[in-house]
Participant: 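Supplied in structure tokens, the structure appears directly below.
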Amino acid sequence: MTRLAELQIFATPDTEMERRPDGTILLSSRLALPEWERSIPAVLRKRAAEHPDRPLAAQRERDRDGRWVPLSYGEATRKADTLAGVFRDLGLGPEKPVMILSGNSLEHLLVSLG
């Protein structure tokens, strides 16, 4: 795909420019923002409902094969909901948060979503 073809994937920009006396230039879109989900868990639930088997993330196995292990939206939602229930049952929450001491991993992602 050429660079020009890539750019055609996006909407045509419709911006207005305001020049202020202090030299500030403000660019504003004339296009209204579409509705958006209010939280990351809400985005996860919506995507899981639309495409439960689509990969959300993947990581390499730690064995010699180094295969990629995917995590689907549906699987991530189920596991994050389970973790959220466990955290709630343990009395964890805004007043008693969880600290994640981990490198990047699917497990780290799931605890964050939970």
Side-chain angles (χ1 to χ4, degrees):
M1 180 180 287
T2 67
R3 181 74 177 140
L4 181 58
E6 288 176 22
L7 294 175
Q8 292 173 350
I9 291 171
F10 300 103
T12 303
D14 185 6
T15 56
E16 62 183 53
M17 181 172 63
E18 175 189 343
R19 291 183 184 270
R20 294 187 172 173
D22 67 357
T24 300
I25 300 173
L26 291 178
L27 295 175
S28 302
S29 176
R30 292 185 185 106
L31 303 174
L33 287 174
E35 288 294 319
W36 68 88
E37 300 302 329
R38 304 299 271 173
S39 67
I40 298 296
V43 171
L44 178 64
R45 289 185 194 295
K46 182 176 181 180
R47 297 299 179 259
E50 293 170 347
H51 309 284
D53 297 324
R54 185 176 286 175
L56 166 66
Q59 73 182 17
R60 286 199 182 267
E61 281 284 337
R62 292 181 178 94
D63 62 12
R64 277 195 265 182
D65 294 337
R67 294 172 292 134
W68 284 96
V69 178
L71 176 67
S72 71
Y73 279 92
E75 185 180 9
T77 300
R78 288 187 297 278
K79 289 181 176 185
D81 286 348
T82 299
L83 284 168
V86 170
F87 295 154
R88 182 193 60 236
D89 293 347
L90 291 171
L92 302 173
E95 299 300 318
K96 193 174 176 186
V98 173
M99 179 187 295
I100 304 170
L101 299 174
S102 166
N104 290 334
S105 67
L106 294 179
E107 294 80 12
H108 184 143
L109 172 63
L110 290 170
V111 170
S112 298
L113 292 170

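Values below: every heavy atom of this structure, side chains too, minus hydrogens, waters and symmetry copies.
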Participant: Could you check whether any side-chain heavy atom of V43 comes within less than 4.5 Å of a side-chain heavy atom of W36, counting everything from C-beta outward?
Facilitator: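 No. Closest side-chain heavy atoms not under 4.5 Å.
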Participant: Measure the CD-CD1 distance between E18 and I25 for me, rounded to the nearest 0.5 Å.
Facilitator: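 Separation between the atoms: 10.5 Å.
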Participant: What distance separates L44 CG from L56 CG, expressed to the nearest 0.5 Å?
Facilitator: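 Going from CG on L44 over to CG on L56, the span is 6.5 Å.
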Participant: How about CZ on R30, more than 12 heavy atoms from neighbouring residues, nucleotides or ligands closer than 6.0 Å, or not?
Facilitator: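 Buried by this count: over 12 neighbours within 6.0 Å.
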Participant: Can you establish whether the number of heavy atoms outside D89 located under 6.0 Å from its atom CG is more than 12?
Facilitator: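 Counting neighbours around CG of D89, more than 12 heavy atoms of other residues, nucleotides or ligands fall under 6.0 Å, so yes.
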Participant: Check the pair E107, L83 against side chain to side chain contact (heavy atoms under 4.5 Å, CB included), reporting the backbone distance first and the verdict last.
Facilitator: CA-CA 11 Å; E107 294 80 12; L83 284 168; over 6 Å; no
Participant: For atom CH2 of W68, decide whether the heavy atoms of other residues, nucleotides or ligands shown that lie under 6.0 angstrom number more than 12.
Facilitator: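 More than 12 within 6.0 Å, yes.
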Participant: Considering all heavy atoms of both residues, which atom of H51 and which atom of Y73 are nearest to each other, and what is their separation?
Facilitator: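 The pair with the smallest heavy-atom distance is O-CB, 3.8 Å.
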Participant: Mind listing the closest non-hydrogen atom pair of A57 and L106 along with its distance?
Facilitator: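 Smallest interatomic distance, heavy atoms only, reads CB-CD2, 3.7 Å.
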Participant: State the CG-CG distance between L31 and D14, to the nearest 0.5 angstrom.
Facilitator: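 Between atom CG of L31 and atom CG of D14 there are 5.0 Å.
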Participant: Taking side chain as C-beta onward, heavy atoms only, is K79 less than 4.5 Å from L109?
Facilitator: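 Of all side-chain heavy-atom pairs linking L109 with K79, none is under 4.5 Å.
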Participant: Can V98 and L90 be said to form a side chain to side chain contact (heavy atoms under 4.5 Å, CB included), step by step?
Facilitator: CA-CA 11 Å; V98 173; L90 291 171; over 6 Å; no
Participant: Within a 6.0 Å radius of atom CG on L92, are there more than 12 heavy atoms belonging to other residues, nucleotides or ligands?
Facilitator: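 Enclosed.
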Participant: Distance check, rounded to the nearest 0.5 Å: R47 atom CZ versus E37 atom CD?
Facilitator: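 Output value for this atom pair is 7.0 Å.
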Participant: Calculate, to the nearest 0.5 Å, the distance between atoms CZ and OG belonging to R78 and S72 respectively.
Facilitator: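 Those atoms lie 6.0 Å apart.
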